[in-house]
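Here is the structure we will look at.
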Amino acid sequence: MTKIEIKQLLEIAEEEKQNNIIDLFGTEPNRIDNFSIDSKEIYLDYSKNQLTFNTYNKLISLCDDSYFKNSIRKMYDGEKINHTENRKVLHYLLRSHEKQLSAHVETEKRLIKKQLAQMSDLVSEIRSRNALNRDRKLFSNILVIGIGGSHLGPELVSEALLDYHVEPFNMKFLVNADPTEFRTTIEKLNAKKTLVIVISKSMATDETILNLKAIKEWFMSQGIKNIDIGNHVITVSNNKTLDSVGIKPFKMLSFGDWVGGRYSLWSSVGLPIALQIGFDNFIKLLDGAANIDQIFLNNDIKNNIPKILALIAFWNSRCLGKSSYAVMPYDARLKLLPQYLQQLEMESNGKSINSDGQDILGNSAPLTWGGIGTSSQHAVFQFLHQSTHKIPVDFIVAMDSSTAYPDLQRNQIANCIAQSEALMIGNKKRVNKMKEPHKFLSGNVPSNTIIIKKLDPFSLGSLLAIYEHKTFFLSLLFSINAFDQWGVEDGKLLAKRITSDIKNKKISPHDPSTEKLISMFIKSNGQ
Ligand code: F6P
């Protein structure tokens with residue numbers, strides 16, 4: 001987007017900030033039709049935003065620029081759009097159908113086919129309890145070790161599709177290298193019946209390797225011989241081994257370096273998901289995402305949920321100056337969604353330099369936060385209703401009608417809808433600000449509502465792909481490379497140095513505050 005266009009938009013935004021969202025329904029009688037998209041699985045209502053139809057059309061026309069079309073095409077054609085890591089970005093290919101293929105990505109597609117077949121075989125092998133550990137004991141427990149993108153997707157989807165579990169395993173996730181998390185995760189596990197799935201694209205992530213080393217010791221303490229440990233271990237990585245830990249896993253699944261960690265649940269990284277919901281359901285998850293890939297690629301913007309969500313996020317953040325937004329799923333199955341989206345969106349677009357290496361002026365992509373409704377209503381919603389900040393919200397709710405507890409489900413849906421209304425209208429009709437200022441809610445808080453008609457593998461795949469493409473399109477609006485994460489790397493290097501300071505009881509040069517903290521730890525811990 002050129003500077004002129006941004007300048008105009010910012011001027012318009014200053015005027016639009018004076019508007020009351022609720023009044024726009026009066027001045028724009030077709031607002032609901034204009035500001036909603038009804039796809040088979042998902043309905044998006046974005047009418048409760050502080051945006052007039054007129055300005056919306058201006059925003060849309062800005063996207064009618066060859067830059068956007070070309071940038072998307074480059075990804076689908078397998079160009080190395082992650083230019084700072086010199087990598088292609090092909091996670092969408094993991095779920096694509098043959099007919100959509102670009103000739104440029106044939107090699108990768110063949111590899112994906114092979115990897116998917118290996119995964120399918122492994123799922124059948126484990127599920128049919130064949131030829132696993134030496135004693136032919138059954139694996140009833142699965143312990144998944146991984147962090148970030150190697151954890152959040154698998155746990156989110158495994159939990160969200162609880163209703164699709166087939167003869168489920170007792171599945172645990174070991175994420176942080178944390179003594180308490182480690183102890184409480186393994187304490188009820190029978191080591192002989194435990195299968196460990198180590199997921200790490202790099203197989204070099206500190207937390208994952210430390211946890212694996214601790215698990216190795218735990219196995220031995222539970223009477224499993226060193227030589228037999230590999231019979232309990234599967235790795236999923238970008239072709240990396242566990243030689244440094246001295247384990248020879250009985251199976252190693254891989255995925256391409258063109259799949260970023262936070263986009264990887266569709267690859268072999270999804271093994272824990274496929275084990276819980278079965279391989280056929282895993283394919284339905286991929287199909288749901290593939291359906292959105294097609295919509296993202298082919299639909300005009302007004303019928304394109306990912307693009308619209310990105311455009312609204314851009315408007316709220318860059319033009320209206322809102323620096324965060326909240327994701328509020330009203331469904332316990334989606335408990336991990338806010339955390340998952342935090343990684344997806346913030347690791348992708350949490351940047352202040354654009355693809356040309358220039359500073360981004362003004363707000364870039366917003367901070368993502370959130371929690372589950374309705375407990376969030378009893379915790380953080382006070383802030384949403386009455387603070388000086390007007391933070392936009394994405395409300396997400398599933399309308400499945402098949403629940404055995406209709407009263408409970410009605411409560412979820414009613415509250416979700418009520419909150420979006422209350423945030424928008426406030427209570428100025430009922431409360432006199434002069435008389436009772438403490439009770440006054442000014443309203444005018446923007447929100448989107450996303451309704452999942454039935455939470456199943458296909459619709460969940462769709463929902464997650466919607467947010468993936470939203471993230472990508474938003475990165476294009478800000479001209480950001482969404483696929484690197486250099487910000488995380490620096491902290492990792494410092495942590496290594498401080499670990500060695502503590503181990504050697506010799507503090508290397510840091511700032512005075514940091515040196516004091518390290519010395520306090522050395523003194524208290526004696527290590
Ligand atoms: O900390 C950043 C990060 O590199 C994420 O992008 C990634 O998902 C996570 O660490 C885990 O990395 P790996 O899969 O290589 O263990």
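First listed ligand is number 1; within each ligand, the first listed atom is number 1.
Under the 4.5 Å side-chain criterion, counting only non-hydrogen atoms from C-beta, L455 is in contact with L334.
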Distance dump, ligand 1 polar atoms to protein, N/O, under 3.5 Å:
from, atom 1, to, atom 2, distance (Å)
ligand 1, 6 (O), E347, OE1, 2.6
ligand 1, 8 (O), G149, N, 2.7
ligand 1, 8 (O), Q343, NE2, 3.3
ligand 1, 12 (O), T205, OG1, 3.4
ligand 1, 14 (O), S150, OG, 2.6
ligand 1, 14 (O), K201, N, 2.8
ligand 1, 15 (O), S200, OG, 3.4
ligand 1, 15 (O), K201, N, 3.4
ligand 1, 15 (O), S202, N, 2.9
ligand 1, 15 (O), S202, OG, 2.6
ligand 1, 15 (O), T205, OG1, 3.4
ligand 1, 16 (O), S200, OG, 2.6
ligand 1, 16 (O), T205, OG1, 2.5

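Among pairs with a residue in residues 456-468, those fulfilling salt bridge (charged side-chain N to carboxylate O under 4.0 Å, His left out) read R95-E468, at least two apart in sequence or across chains.
Residues satisfying the side-chain hydrogen bond (donor to acceptor under 3.5 Å, both in side chains) test with T514, not counting sequence neighbours, are D511.
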Return all side-chain donor-acceptor pairs below 3.5 angstrom for residues 271-284, not counting sequence neighbours, or 'none' if the list is empty.
from, atom 1, to, atom 2, distance (Å)
Q276, OE1, F169, N, 2.9
Q276, NE2, F169, O, 3.1
N281, ND2, I277, O, 2.9

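Taking 4.0 Å as the cut-off between side-chain N and carboxylate O, K492 and E489 count as a salt-bridged pair.
For the residue pair S317 / Y325, no side-chain donor-acceptor distance below 3.5 Å is found, with atom types taken as modelled.
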